[in-house]
Each structure stands twice: as structure tokens, then as C-alpha cells.
Amino acid sequence: MLRRLPPSGPSSVPDPPVSLPVQDAAMTTPSEPFRPYPAAEPNPDFPRIEEEVQETWKRERIFAESVDFRPADAQGRSNEYVFYDGPPFANGLPHYGHLVTGFVKDLVPRYQTMRGHKVQRRFGWDCHGLPAELQSEKELGVSGRHDILAYGIDKFNEHCKVSVLRFTHEWEYYVTRQGRWVDFQNDYKTMDLSFMESVMWAFKQLWDKGLVYEGYRVVPYSWAVQSPLSNFETRLDNSYRERQDPALTVKFRLDPRDGDPGPVDMLAWTTTPWTLPSNLALAVGPEIDYALVRLGDSHLILAEAALGKYAKELEGHEVVRTLKGAELAGRTYQPLFPFFADKAKEGAFRVLAADFVATGDGVGIVHMAPGFGEDDLNTCVANDIPVVVPVDVAGKFTSEVPPYEGVNVIEANPQVIKDLKARGVVLRHETIVHNYPHCWRTDTPLIYKAVNSWYVEVSRFKDRMVELNKQINWIPGHVKDGLFGNWLENARDWNISRNRFWGAPIPVWKSDDPRYPRLDVYGSLEEIERDFGVKPADLHRPGIDQLVRPNPDDPTGKSMMRRVEDVLDCWFESGSMPFAQLHYPFENKARFEQNFPADFIVEYVAQTRGWFYTLMVLSTALFDSIPFKNVICHGVVLDEHKQKLSKRLRNYPDPQEVLNTQGADALRWYLVSSPLMVGGDLAMPKDARGIAQALRQGVLPLWNAYSFFTLYANIDGIRGRMRTESAETASTRDQAGVLDRYILAKTRELVEGLAERLDAYDLPGAYALVPGYYDALNNWYIRLCRPRFWRGAEGDAQDKRNAYDTLYTCLVTVAKALAPLLPHVTERIHAALTGEKSVHLADWPDVSALPSDHTLVAEMDLVREICAAGLSIRESKKLRTRLPLREVTIIHPDAGFLDPYLGLIKQELNVKGSTLTTDIAKAGTRQLAVNAAIVGPKVGPAMKAVMAASKQGQWTDRGDGTVEVAGQILGPGEFDIRIQTREGLSAARFAAGKGVVVLDTQVDAELEKEGWARDFVRAVQQTRKDAGFQVTDRIRIAATVPAEVAEALAAHAETVKRETLAVELAVNDGGLTGACTQVDLSGTSIQLAITKA
RNA sequence: GGGCGCGUAGCUCAGGGGUUAGAGCACUCGCCUGAUAAGCGAGAGGUCGGUGGUUCGAUUCCACCCGCGCCCA
């Protein structure tokens, strides 16, 4: 009698009362009518099952319950596991990348829920930004800033608002169909008033901390659409085209200095002569060699390397001396044009040393117009030289340069050149052909132009970000110091303003009269109401721009406070998501503080520069905290040729079709167990064969085990029960008990392994544990225990009960442990077995109820290896398994531990007898296998001799557990003894050569007969199956067979009848009726007919 | 040009200073089966990208090179 313990631990499923021993075959008590299990289809349609499961989830509101029933607090501490959903931009259909992220966004929270945590999952929508605007421009047929202003910002933004949500239904379909649980009802949108107010609060916080400033930035600019373009736009395929431009080499007269041989000119080369009126500096490379040359009466300076290029212009020159650029730095020169001559007082017209200067093009001296070049601007700002931008929004010169006022800059080139030539400062005027970026909408050349922008001064706290980053667990680990760490180290100030329309407004109001400067920054609706008398119901343009008030600092009362026109970079909003989704700090103050930072987020690896980064910037600046503790950055899904997935090329399987043919669980298995999860790319074949394989490998075996259980349980009228006897006492009294304990212990190891992998966020590692378990369950436990399940009423009822309960316990436990990995199929199986509402409401399996016995698991796994070795001998000797053999001999240094398993091995190898021995001489000779990893470091250079001697068998056993080889004594653990099997022996090694299996391959007449009998049984079974008989049907057999087979059947008639549920076996007495077939019986042809009895 | 990742069987990928480098798929051959042929096993298939170096020993560590991807400039 087994000791039964009450369910232990908080997560045990309550068991029905156990009544032992079970007496009747039906195993139900009269008071408790048998409830059959739902029939498990043998050829399940998984997509259909998934849809049914999803229907149940929806109907029963399981997701909401799975969140709600977990307490928010446990023992005074937060019990929440905080997950942030990175908002996707819904202005397009989801693709595999989104599905991958979605699976992980589902898997980890499901697991943490089972671990007892409350895991809120709110869906977020990213609504603002340039993609939304471009989409609307296309749909509305307007192009660029000019058109939009003419069309009306109000109407334009209204269109954006609708357009960005166009695909939300498709998103919801895919997200739901993939089995991802996320709350769409209680979602957040970055365009919600509450979200935008929190963003405004964040801006004000940064402003108050002095981390926001206004400054210039040079951007590609299209005068045709009167707007800067993003890098994204300039990189479109067709934006670069060939163009002819003038190239001018001009002379700048240095201010005289002692030691000059006379007036000296520095040369500079430019392809944009129109920028020369805005020249404020020259740049030289500090390490570059420059030549001071005399040419007639004048002196010129240019890079030594450029002398050859100007051979014609410099004909007859003489090099006076060479000097490093560093020696030129600091010298001043005469402005080329008079327009900004007064800037000399502010430090302009100096020679600056700059590392970006090269000598490849031009003369090694760069003319700098900080308003029109990025390097120019950065260098000038670093040297405190002011910026001038005498070009208006339409690309025309302003009144600051009167001779060119109103002229388009490119059209002004000839005029500028003419004026300079007239003054004799042009050394060379040439024409070059180069690739130049063009506006993709109007095909006009772009210019680079400084525009006013708002910045977050990231450079001031980037060291703190680097410091904080150390606390984050990055998956894969190299991202922490690699991609992300480097990005942080090189962080530059963040331009957060966009000169656009559809976005959160920059909450800054400025005086429109520079004589009465004033600047107000707002951090809440209330503050706006205080100053403007209205509380906005919408913060979008143009409404927000209409809030104008007199400048309180202007005694004349004429100047007005007007909002700066820009909107915020939409990345500022995604970075604000942790607090803005909660409308913090206006609401949910405590809730936010409890839920920050997040425990977990996941996105693809490029978000190191996107969302991961903006979260980090804002959480560091606002809260001096990391924004998330654990992060998975997954790789990119590509096609099998590593090309990007492209709608146009159709180089990927249709996701909807995959979901509808293979199913979401198979797709989840395929994607999440892939190298994507360690940051690698996934090359996905178009034919989706990998997904079919995932189904076969990951889903079907579980279903088959479940299907087996329900088939026989329903026949037997048995309901499975959880085996709850304590881990220590689970029965090992016989072979069946050993198998039970083995598979239960194996199950425990699986659950523990899964938890360990999932806790480490090693998702592929978790999936990788599963197939080995399936193999042990299906192809070892169930296969060997099959007779226990179909044993009739005359058999051992307790043994039968144990088999059912063991399998039931495994299936229920595994369904739970795999629930995060395969949410649908586990739900169906769990529901069918337990009748409980949802596996996702269950706790993670409590393995303390299962035996912990690694020794048994290891031994049994070795037994499986022995049997595989034995069967491989049969195969090589062409001895079919059904043919019994006399004897198996197993040789192993610790052979004794195999004794309890001999019955199992004999049965599996179909042999009559067995011998266990440690005597290696029976099968061959002993071979020394040195454990090089241990001995190598110990003996060092002597290793070579040790290895050579051991290979040649030159070693001696000292008889005390040590060996001597090449003069070295090796102790336990430093070597293994392996068996070199003798030639001609029917043997196979196992345990890495430590053991050997030998089969007696002599076949006598008796064995032959028994083999035929078994072949015959097999033939009958196949015929039964082909004829569609039930496994319980009784039959009559008639057969016509050769004489020797008839003898065999006569000798084993009772066995044959019992095995085939035959009430009659008629051999060679004529009159074959019913399903008559010709069957091949191991090379002999027979006639067989069976009928239902 | 710089950074990060990668290069292992026909394909997709593990692995890792140690004798004989693994898995799945595909291929060939075979096997069990009163759940599962979408099962199980065996075989064949590899100068572990190249060249040098460190080491008793390198596919693994180091350097350089070649090739691929991503990012930055």
C-alpha cells in the first residue's frame, strides 16, 4: 500500500479522493458515473482547434481573469511583473517581425502570470510622426509644407488622425490570431490628450532641469516644398542623381603677421559658391602638411598634396617652406564679402584646426559657412563663431546680402562667381559632375541649411546613462556593451523638434518681438489655462497655435506670446510611454512609481537606437533610473537568401495562410526557438517547411500522447488522477514502478529546466528541452507500458491504475509547463484532461510533488542507450526484432546497477536471457582513454607522450584505481577505461565506449518458430487495423500458410489468440472468408482472413 | 574608414583549449507498432572561411586577411 500525502504546496491541483485498491475493471464507483474524455482527433486540425480555444478565451474572458485574479500586492510588496508594450505604428499591416515580437510579448507574461504575478498588458498605438504625414500627403494629393499650409493644417491633421488608425482592425486580427493576450480595450494612443499632457510635463521637467535648449542644426532642405527632409527621405533610392556644378578655388587674404614674406593668401575649394557670402571661417587639418609658395609677387598656402593638381595655375611657383596645419590655426583673414564683416568682433574669419579636413578633394583648406554645412556648423559652434543664415524658407537670399536679395541660391552661383572674378580672388573656376541629393517629391536639388531646432542635452548626462546601463540585463549579452553601450558612449544631443504638423506640440511660447524677449514653457493643461484662460481639449495644431496672449514683459502691449511652430519628434513620445500611458503625474502617481522600471520589454535589435534609447534617455533625465530591467532584442526575419522580406517580391509565406494551415503554436515554436532570440537573423524559406517541422516536432508528439491516453482511458472507463504520493515513496517495487518513477522524475527535470531557462530569458533554450522529453514519454514510457493500459480485467488493476495516473500526471504537468510555449494546444489538452477553465489560470507546476531522482533518470537513459545499441546489432546482422534471440551480455565496469533493468532490456531486445558482467575480456580489450581536459593542464608538455602511449595501449593498471602511462600516474577521474571489442563479435558499445552489448546471434528452430508466431500476430494486427476494426473487437482468424509456419502457429496458438483477441485460429483448413489478404511474413507468403467474432 | 554580429554537414543551426565536432531537415537503408509513417533507428555527408601566432594540443584563444549582415561616419 502506497502512502498517499495530501496535496502540498500552493499550486497543487486538488485531486479527487483516492480510493485504493481499485477492484472493478471499469474503475468507477456506482455513485460516480464515468465521464468520458472528449475524443482526441487522431489527425487534428490545429488551426481549427486554436480558433476554438481563442473563442473560449474571448467568451470566458480568460485573459482578463488571468490578470485580475493575481493580487497586485503580496506580503506588502508589489506582486506585479511589469511589461511595457512598445507602441507599433499602425499605419501598415503587421509582418513577421511584429509576429516574432508579439510571441515573445505573450510568452514571457504568460509564464510570469503562472509564477503568480499580476502582469498587465496594455496595447499601445504610435500615432504621430512623419510616416503618418507622408501617408496622408499621398492620400490627399498634397505635397510638402507649402501644400499642407494651403490645404489647411486642421483638415490635414484631421485626416492623419483617421488614417493612423486605419489598420487597427487588421492588427487586432493578427495579434489575436497569433494567440497574443493584450488589452485592446484599455489601450493607449500617443495622440490621446492625457498622453500628450504627460509628454508636455516631461518636456517641462527637462526644461526646468536645464536639459532643453534651442539651437541650430544643419539638415537637408528642400526649398521647393519649403521643408527640411529627414535622412530617411534623402536615402530613398532615387534621391541622388548626377548634376553639374561649378567648383571654385578662391583666395582668402590673411591678416599680416610678423615673419610673413609679404601678403599671403590661403586657398579654399568649394562646389557651392553661393555659400561664400556666408563664409565665417577656414578649416585646416592640424596634421596635414601645407606649402607656402611664391608665385610671382604673391604668396599662397595650400596642402602640399594638392600642388600637383594646380600645376597649371601655379606654373613657375617656388615652395618657400612647408608647415603643419596646426601652425596656421588661429590666424585671421579678411572677409571675402562685406556683409558679415562685423562678426569679426565675435571671433569670425579665423583659421580653425579640424580633424575632418582631408586632402582628397580640393586644396586641403575648407571654406566654412556654418549656416550651410554640418561640419561647418559643429566646428564653428565649438569655436564660438556665430551662425548666419541669409537664406529664407524658399531658398532665396535675404536682405542681409543685398546684391543677391531675392535670388534663388543656386541661381545666384554665376553672379557670385562673376563678382569674385572681378575682384581677382578666383584661382580656378571649373565644372564638376557629381552625385547630388535631390528632393524626391519635386526633383529639385536639396541644399543644406541650418534650421532652428530644440535639443535635449543628452551629452550632459550620457555618462550617467552608461553607468545605469550596467544594471540592465540584455539578451543577447553583447548588446549591452556593444551596440547599445557604444551608442550611449557616443550619444549626441537629441534634436526633438520637427518642423511639421501632426505631433505633440512643443509647449513653448515666445515673444514675437526680440526687443521684449520672453519665453514660457508649459507643463500641464492647467498652466495653459492659467495664462490663456482656456483649457485645451486637444493639444494638436492648429488649435494650440491659436492660443496667443500679450507679452507681459512688453509695456507697449503690442508684442504677443506665440507658440513656436514645431512639433515633437514622435520618438520623444514613445520614450515617454512608461509614464504617459498612465497620465503621470496628473493621475496614477503611486501606480506609476510602483511600476517603474519595467521588468521586461522586447523589440527588434534596431531599437537600440530607437525605443530602447529614448526610454533610457528620458528615464535617466527624469527619474535617474533605468527604464527596464530585462530586455530581449531579437534579430530580423529575412528570406532564405537573407534578403529583406518584401511585399513586392513576395519572398515569404503569407502569415495568414501559415496561421490557417500550420497554426499559431507551430509558428510560435518556429520563430521563438530560432536564432532570432539571440540577436541573429532568421533566414525563413518561402515554403514554410520550417514551420511544418515545428508542428511535427513540437506540437504533434504532445497531441499523440494525449490522444493515446484518452483513447484507452475512455475504453477502460478510467479518469486519471494526479499521483501525489511523495517524491520519496513513488513506487519502484517492479519494472512498471521503475518506469513510472522514471517518467515522473523526467517530468520534474523538464519543469525545472524550463523554469531555469525561462527565468534566464533563454527562450530557445526552453524550447530545446522539449523534444527530448517527448521522446522519453512517447517512445519509451508509453511504448513500453502499452500492455499495462490494455490489460483486461484479469490483470493487476493497481498497476493499470498507476499507469493511467502516471501518464495523466505527466500530461497535466507538461501541459502547464508548456502553456507559455504552446498556449493553444496545451489549453485544449489541459481542459480535456482536467475540466478546468484554463491552463493559463493555473500556477506553474509544483514539482515537489514529483520524485527528484537524477540517478534513476541517468540510469534509465543509459538503459535506453543500451537498447539502441542492441537493436543496432540486430540491424547490422539482419535479425528482425520480432525474432527472439537466446542471450544478451552487457559488460560495464559498474554493471551491477543495471540489474533491476534486465527485464526491461530483455523485453526490448526480444532476448530470452541476459548476463551482466564487468569482465571486459569477454568482449575485447581494455583501452585507456585519458581525460585530456584534466590531465593536460596537470602534466603540461608530457601530454604528447601520454596521448601517444595511451593510443598505442602502452599503459599499466596499477590495480589501485590508478594507471601509469608514459611515466605519469593517473588517478580516478583522470581517465576512463573503454572497451575495444574483438573482431567478429556481435557487439556494440554504449556510454561513450565504457560499456558494450553483445548479442548471441545463433538462431535455432525453436526461436525461428516463435519468430514466425510473432510475425503472424503482427500481420493479423495490421489486417485488423486495415479492416477498420475497433481495438476491442474479438475476431476469428483463418490462414493458409506453409508447413513450417503452421508448426509455429500450433506451438504458440494460445499466445497468438491472446495477442490478437482471437476466439478462433484456423490454420490450413480451407474456407477463407471475410477480409482475405495476401501477407508477406518475413519472406514467406501467407493468406489471411479475419472476421468479427 | 570605425563598431557590433556572423562564417561549422547539401540546407537551417548548436557547440566549444583536449583523443572520435553535434542536432534537425533532406538523402540512402532498415525497424517497431492493438496512439502516432507528420513515428523510430542506422548509414553516408565536415581540410569548423583563409593565413600566421600562442600552446604539449586550436574548430575554440590572439593577430591579420577574405566574405556576409546591421549600425555609425
Side-chain angles (χ1 to χ4, degrees), chain A residues 40 42-44 356 374-375 476 478-479 481-487 489-490 604-606 608-609 635-636 638 640 642-644 673-675 678-685 689-690 692-697 699-712 715 764-765 768 771-772 774-775 778-780 782-783 786-787 789-790 867-869 871-876 878-882 908 910 927-937 939-948 950-951 976 978 988 992-993 1017-1018 1020-1022 1024-1025 1029-1033 1059-1061:
Chain A
N43 290 308
F356 71 86
E374 193 177 356
D375 286 331
H478 61 74
V479 176
D481 296 319
L483 221 49
F484 193 70
N486 285 334
W487 181 256
E489 300 264 6
N490 298 313
Y604 86 123
V605 68
T608 45
R609 295 171 311 285
V636 181
L638 303 171
E640 55 193 318
K642 306 225 169 182
Q643 299 298 305
K644 278 195 176 139
S673 62
S674 77
V678 289
D681 294 336
L682 173 68
M684 181 171 66
R689 72 180 106 93
Q693 188 192 326
L695 183 66
R696 219 157 47 228
Q697 207 180 350
V699 183
L700 257 177
L702 180 64
W703 186 268
N704 288 337
Y706 152 71
S707 160
F708 174 89
F709 174 84
T710 52
L711 175 64
Y712 287 100
I715 288 170
Y774 286 163
D775 192 38
N778 282 0
N779 299 321
W780 191 252
I782 293 182
R783 189 164 57 79
R786 235 170 355 214
F789 289 96
W790 68 67
C867 292
L871 291 173
S872 78
I873 300 170
R874 279 185 171 272
E875 187 183 351
S876 64
K878 304 272 180 230
L879 295 166
R880 66 189 191 280
T881 314
R882 282 190 299 272
E908 187 63 7
N910 193 18
Q927 204 180 24
L928 181 70
V930 178
N931 187 343
I934 291 172
V935 178
V939 305
M943 194 59 188
K944 211 163 204 165
V946 170
M947 296 309 296
S950 70
K951 269 184 193 166
D976 280 320
R978 294 192 186 156
V1017 167
R1018 168 77 201 113
V1020 173
Q1021 304 292 25
Q1022 189 61 47
R1024 285 181 64 116
K1025 197 172 175 185
F1029 287 13
Q1030 298 296 311
V1031 296
T1032 47
D1033 288 338
E1059 295 285 315
T1060 59
L1061 299 187

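Reminder, nothing fancy here: chain letters follow the sequence lines and each chain counts from 1.
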Atom P, compared across B:rG1 and B:rC13: separation rounded to whole Å: 28 Å
A:R786 side chain near B:rU33 phosphate (N/O to OP1/OP2, under 4.0 Å): no
Nearest-nucleotide comparison on RNA chain B, the residue closer to the 5′ end among A:G940 and A:A606: A:G940
Integer angstrom distance from the C1' of B:rU51 to that of B:rC25: 34 Å
B:rG17 pairs with, by Watson-Crick or G-U criteria that keep both distances under 3.5 Å: none
Of A:P44 and A:G482, the one whose closest RNA chain B nucleotide lies more 5': A:G482
Sugar-phosphate only, base, or nothing, as touched by A:D481 at under 4.0 Å among non-hydrogen atoms: nothing
For B:rG67, the Watson-Crick or wobble counterpart (both distances under 3.5 Å): B:rC6
Whole angstrom value for the distance that separates P of B:rA37 from CH2 of A:W703: 16 Å
Sugar-phosphate only, base, or nothing, as touched by A:W487 at under 4.0 Å among non-hydrogen atoms: sugar-phosphate
Touch class at under 4.0 angstrom, heavy-atom based, for A:L871 against every strand present: nothing
Length of the line joining A:D775:CG and B:rG41:C1', which is rounded to integer Å: 11 Å
Polar pair under 3.5 Å, donor/acceptor by atom type, side chain A:R1018, base B:rU33: yes
Touch class at under 4.0 angstrom, heavy-atom based, for A:A868 against every strand present: nothing
Spacing of A:L871 atom CG and A:L879 atom CG [to the nearest 0.5 Å]: 11.5 Å
From CG (A:N704) to OH (A:Y774), nearest 0.5 Å: 10.0 Å
Per A:T881 side chain, nearest of listed nucleotides B:rG18, B:rC31, B:rG39: B:rC31
Base partner of B:rG34, which must satisfy Watson-Crick or wobble distances under 3.5 Å: none
Whether A:R1024 side chain and A:D1033 backbone form a donor-acceptor pair below 3.5 Å: yes
Sugar-phosphate only, base, or nothing, as touched by A:I934 at under 4.0 Å among non-hydrogen atoms: nothing
Whole-Å P distance, B:rA9 and B:rG49: 8 Å
Closest to the A:N779 side chain, choosing from B:rC40, B:rG18, B:rU20: B:rC40
A:D976 side-chain N/O to A:A929 backbone N/O, donor-acceptor pair under 3.5 Å: no
Sugar-phosphate only, base, or nothing, as touched by A:P764 at under 4.0 Å among non-hydrogen atoms: nothing
Whole-Å gap separating P (B:rC4) and CG (A:N490): 12 Å
Check: A:Y706 ring centroid to A:W703 ring centroid under 6.0 Å: yes
Check: A:E1059 side chain, A:Q1021 main-chain N or O, donor-acceptor pair, under 3.5 Å: no
Distance in angstrom units between A:N778 CG and B:rC32 P, rounded: 19 Å
Rounded interatomic separation in angstrom, taking CZ from A:R874 and P from B:rC31: 12 Å
Interatomic distance, A:R882 CZ vs B:rC31 P [rounded to whole Å]: 8 Å
Inter-nucleotide C1' distance (B:rG15, B:rU59), Å rounded: 10 Å
B:rU60 to B:rG17 separation - C1' atoms, rounded to the nearest Å: 6 Å
Distance between C1' atoms of B:rU8 and B:rU28 (Å, rounded): 24 Å
Gap in Å between the two P atoms, one belonging to B:rC6 and one to B:rA42, rounded: 32 Å
Spacing between A:Q693 atom CD and B:rC11 atom P, to the nearest angstrom: 16 Å
Heavy atoms of other groups near A:F708 CZ, more than 12 under 6.0 Å: yes
Nucleotide opposite B:rC27 in a Watson-Crick or G-U pair, distances under 3.5 Å: B:rG43
Rounded C1' spacing from B:rC4 to B:rA23 in Å: 28 Å
Strand partner of B:rU54, provided both Watson-Crick or wobble distances fall under 3.5 Å: none
Atom pair distance, as rounded to whole Å: CD in A:Q1022 and P in B:rG34: 9 Å
